[in-house]
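Remarks on the structure that follows.
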2 protein chains.
Amino acid sequence: MAAVSTREQIVEIADDLFYRGGFEATSFADIAADIGISRGNFYYYFKTKDEILDAVIDRRLQRTSAMLDGWESQAPEPRERIVAFIELLIANRAPIMAYGCPVGTLCAELAKLDHVHRERAAEIFGLFARWLEKQFRALGADETAREWALHVLAWSQGVASLATAFKDEAFIRREVADITCWLDDRIVSLSQ
Amino acid sequence: MAAVSTREQIVEIADDLFYRGGFEATSFADIAADIGISRGNFYYYFKTKDEILDAVIDRRLQRTSAMLDGWESQAPEPRERIVAFIELLIANRAPIMAYGCPVGTLCAELAKLDHVHRERAAEIFGLFARWLEKQFRALGADETAREWALHVLAWSQGVASLATAFKDEAFIRREVADITCWLDDRIVSLSQ
DNA sequence: ACGTCATTAGGACAATTGTCCAAATCATGC
DNA sequence: GCATGATTTGGACAATTGTCCTAATGACGT
């Protein structure tokens, strides 16, 4: 019990600190201080910092999957599911304006570090992309489902990026409305 | 002469290394090794690493301004100028897929570091935003010029972000074509 | 050829990094 | 109450970090 708890605590705190401060800039000491354990204790659970990152990515993959599954069971209509995704930008506007999108910023940092877990981090985007593609397919957009999925994903990334730079909440809300309009236009075009 | 050259070399190499490896992960030793000068020599030109970052941001602001001015003098039509901006994504596709957008990734990193130069870095986005706004205004879009400018900027950021994660060149070309279509749709709507 | 000032080299510096280990502590079954 | 294994501690470690200083080198006017 205590063992699992400590390991989970390490991953949970590391996840948060990696997001808010970046992977490279977050040290073992930072994580240890936040949890309240000794620095040496890490070694019992993780041999290297990369192993912690690996566990953090696992956690994010799992939580992302759970969130996407939740939207599928809560919203019966594909449109509402996609809207739920888009409105993540509003729900998380405060941390996004402060630290950016957790997925995009991690992928960007690992790309610069040429890190071994670079592709595993990008797989979080992969989850979103395939899920969105599935929703567009459910709307009947077989041909363009993949393109539209990547488009929505890219759009949301761009909004997050500028929102971080300008700390502009009105901009987020405006773009979210725009994406929703774009989505409804696509839905209308499918029924014609 | 030699003095200016060394200082310029430091800023130039630092600019490149900050882009390819990130600010935090790039050390004085890395920059010195790339130039071929001793580590101690930095102190003659820059007292702290933040001062180098400051000079790098200055350089980027200046070069961005020069590029935007160049587009204005080379392309007579606002549409062609905006297209030139959009096609930066294609012209720089290789480094973008490897390291992301220089502006977006720097802003994201400085946001996480809560760095003093965070806003100065965001001002590079500011240059692009005001320039794009100016072009849309020249097209006659007075009301929506600012919104459209931020929209194009965000869109291009999103494309860069996903391009880095997926290393997908076809995706870049597809989205660039989409942005161009969007632009032409806006232009058509203005003449109606 | 000399003196002056700008430039550079090389290393000292304390602090921090990720890694790793031995000893101490804890919990649990007998 | 004791033994065993899981867990934690505190610190050692070599390397690297940004910062800073002194001495050497350079160029250039006189």
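Given the structure is predicted, the values throughout are model-derived calculations rather than measurements. Hydrogens, waters and symmetry mates are skipped; everything else that's a heavy atom, side chains included, is used. The sequence lines fix the lettering, A, B, ..., with proteins before strands; numbering per chain opens at 1.
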Tell me which nucleotide among C:dA9, D:dT8, C:dT8 gets nearest to the side chain of A:Y44.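 So the nucleotide nearest the side chain must be D:dT8.
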Derivation of the side-chain contact (heavy atoms from CB on, under 4.5 Å) call for B:W148 and B:E133: CA-CA 7 Å; B:W148 289 1; B:E133 185 181 350; over 6 Å; no
Between [N] atom [atom2] and [X] atom [atom1], what is the distance in whole Å?
X	N	atom1	atom2	value
A:I10	C:dT19	CD1	P	13 Å
B:E8	C:dT7	CD	C1'	16 Å
B:Q9	C:dT7	CD	C1'	14 Å
A:F42	D:dT9	CZ	C1'	13 Å
B:I31	D:dG18	CD1	C1'	11 Å
B:R7	C:dT8	CZ	P	13 Å
B:D30	D:dA15	CG	P	17 Å

Assign A:S38 to base, sugar-phosphate, or nothing according to its heavy-atom contacts below 4.0 angstrom with the strands shown.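 Base contact - A:S38 has a heavy atom under 4.0 Å of at least one base atom.
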Is the shortest distance from a Lys or Arg side-chain nitrogen in A:E24 or B:K112 to a carboxylate oxygen in the other one below 4.0 Å?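 Answer for the salt bridge query: no.
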Quick one: do A:D15 and A:R63 make a salt bridge, cutoff under 4.0 Å?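 Looking at A:R63 together with A:D15, the answer is no, because their closest N to O distance does not fall below 4.0 Å.
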Tell me whether the OP1 or OP2 atom of D:dT16 has a side-chain N or O from B:S27 closer than 4.0 Å.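 B:S27 to D:dT16 OP1/OP2: no side-chain N or O under 4.0 Å.
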Would you say B:T6 places a side-chain N or O within less than 4.0 Å of OP1 or OP2 belonging to C:dT8?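 Yes.
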Ring-plane angle category for A:F128 and A:F85, please: parallel below 30°, perpendicular beyond 60°, tilted otherwise.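 Geometry flag for A:F85 against A:F128: tilted rings.
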Do the rings of B:H151 and B:W182 sit parallel, tilted or perpendicular, given the 30° and 60° boundaries?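 Ring orientation, 0 to 90° scale: tilted.
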State, without any angle test, whether A:S27 and A:D30 hold a side-chain donor-acceptor pair at a distance under 3.5 Å.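 A pair is found: one side chain offers a donor N or O, the other an acceptor, under 3.5 Å apart.
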Short side-chain donor-acceptor distance under 3.5 Å, B:E72 and B:Q135: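 There is such a pair (donor and acceptor under 3.5 Å, judged by atom type) between the side chains of B:Q135 and B:E72.
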Give me the distances for all protein-to-nucleotides 19-22 of chain D N/O pairs that come in under 3.5 Å?
unit_1	atom_1	unit_2	atom_2	d
D:dT19	OP2	B:K49	N	2.7

Do B:Y19 and B:M67 belong together in a cluster built from hydrophobic side chains that touch within less than 4.5 Å?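 Not linked; separate clusters.
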Would A:Y99 and A:T164 satisfy side-chain contact (heavy atoms from CB on, under 4.5 Å), going step by step from the backbone distance to the final call? CA-CA 7 Å; A:Y99 316 109; A:T164 309; over 6 Å; no
If you fit an axis to the five pairs at each end of the helix from C:dT4-D:dA27 to C:dC30-D:dG1, how big is the angle between those two axes, to 10 degrees?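 The helix from C:dT4-D:dA27 to C:dC30-D:dG1 shows an end-to-end axis angle of 10°.
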